[in-house]
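Quantities reported herein were computed from a predicted structural model and do not represent experimental measurements.
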Amino acid sequence: MKYTIDHLFLKNAPAEVVFKELQRLAIDGREYLSEGLGLELLSRNEPLVNIALGLFGQDLEVVKQLYETDCIDTKVACLSGLSIAKWPLSGAERRVDYYKQVLSELVSTWDQKLLVALFSNNSISQDVLLGLYEKREPYKDLDNDSWLSLISLTAGAKRLQ
């Protein structure tokens, strides 16, 4: 692999600089990480870098690894981030099963902080909200009060606007 100056800069930059640079590149709408850089940044295991990868990351494998951590702030970043748009909830791909599993776990654990992060993400798949409003999987077995409580969590959903 040929390392670019940008790759080497981000790999070795302080966490605050990495966060700002990933944010800037995401705002510009650019794919920002060269091959392997996401995993290299993840291996630093720095909270601010992990949050930046969760918010602005485009590499689904990196975001999945981040989401599996025990850090609530990192999980919120993953569910609030740009990669959520790449979380398909329909189709035959293997990763669809993973995303459905995550959504089912969120509903069953009833973690409001994580659910609000997901529902308020502008990049969320329309299927997530439609499934909720139509009371499809993973919401179909909820009692009416729980279902209505979940719907109330979507009040600030940017996707609805």
Side-chain angles (χ1 to χ4, degrees), residues 1 3-129 131-132 137-139 150 153-154 156-159:
M1 165 193 291
Y3 292 111
T4 65
I5 291 174
D6 289 339
H7 180 106
L8 293 171
F9 169 73
L10 282 173
K11 177 182 173 186
N12 297 299
E16 296 82 7
V17 173
V18 171
F19 185 95
K20 287 179 183 176
E21 184 64 9
L22 297 186
Q23 181 181 37
R24 182 187 69 77
L25 292 170
I27 289 170
D28 290 348
R30 298 192 327 218
E31 293 282 332
Y32 60 85
L33 296 181
S34 56
E35 185 180 332
L37 181 56
L39 290 172
E40 289 180 42
L41 291 172
L42 182 63
S43 72
R44 287 172 53 166
N45 198 28
E46 294 181 57
L48 188 58
V49 171
N50 290 348
I51 288 171
L53 288 168
L55 285 172
F56 311 118
Q58 305 274 335
D59 184 335
L60 288 174
E61 290 306 312
V62 170
V63 174
K64 281 171 62 173
Q65 286 184 44
L66 286 167
Y67 186 78
E68 297 300 321
T69 67
D70 290 331
C71 179
I72 189 72
D73 294 331
T74 303
K75 287 180 181 277
V76 167
C78 291
L79 294 174
S80 302
L82 299 173
S83 70
I84 200 79
K86 296 183 179 184
W87 283 32
L89 291 171
S90 58
E93 300 170 48
R94 227 177 88 207
R95 62 187 181 147
V96 170
D97 291 336
Y98 173 76
Y99 306 129
K100 285 181 178 180
Q101 174 191 336
V102 168
L103 185 57
S104 293
E105 288 172 6
L106 285 173
V107 171
S108 67
T109 59
W110 207 262
D111 188 317
Q112 287 193 2
K113 188 173 187 174
L114 295 178
L115 286 165
V116 168
L118 175 70
F119 292 150
S120 63
N121 187 329
N122 194 33
S123 300
I124 192 175
S125 167
Q126 183 174 307
D127 293 344
V128 174
L129 295 175
L132 173 60
E137 280 295 329
Y139 317 104
L150 269 184
L153 295 178
T154 67
K158 296 173 188 165
R159 185 74 166 152

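From Glu16, atom CD reaches atom CG of Leu48 across 6.0 Å, with rounding to the nearest 0.5 Å. Rounding to the nearest 0.5 angstrom, the gap separating the CG atom in Leu114 from the CZ atom in Phe119 is 11.0 Å. Atom CD in Glu61 sits 6.5 Å away from atom CG in Asp59 (nearest 0.5 Å). The distance from atom NZ of Lys20 to atom CG of Leu25, rounded to the nearest 0.5 Å, is 14.0 Å.
For the residue pair Ala52 and Leu22, the shortest heavy atom distance occurs at CB-CD1, 3.9 Å. The minimum heavy-atom distance linking Ser123 with Gly81 is given by the pair CB-O, 4.3 Å. Of all the heavy atoms in Leu10 and Leu41, the pair that sits closest is O-CD2, 3.4 Å. In plain terms, the two heavy atoms of Cys78 and Leu66 that are nearest each other are SG-CB, 3.6 Å. Nearest heavy-atom pair, Thr69 versus Lys75, reported as atom, atom and distance to 0.1 Å: O-CE, 2.9 Å.
Only one option out of Leu55, Leu53, Val49 pairs with Phe19 in a side-chain contact (heavy atoms from CB on, under 4.5 Å); it is Leu55. Here the options are Thr154, Leu103, Leu115, Leu153, the test is side-chain contact (heavy atoms from CB on, under 4.5 Å), and the partner is Leu132; only Thr154 passes.
At least one side-chain heavy atom of Arg44 sits under 4.5 Å from a side-chain heavy atom of Val18. Counting heavy atoms from C-beta on, the side chains of Leu118 and Val102 never come closer than 4.5 Å. With a 4.5 Å cut-off on side-chain heavy atoms, Lys113 and Asp73 count as touching. Put simply, the side chain of Phe56 does not reach to within 4.5 Å of the side chain of Ile27, judged on heavy atoms.
Evaluation of the side-chain hydrogen bond (donor to acceptor under 3.5 Å, both in side chains) rule for Glu105 yields Gln101 as partners, not counting sequence neighbours.
Of the possible donor and acceptor atoms, none in the side chain of Asn50 sits under 3.5 Å from a partner among the backbone N and O of Asn45.
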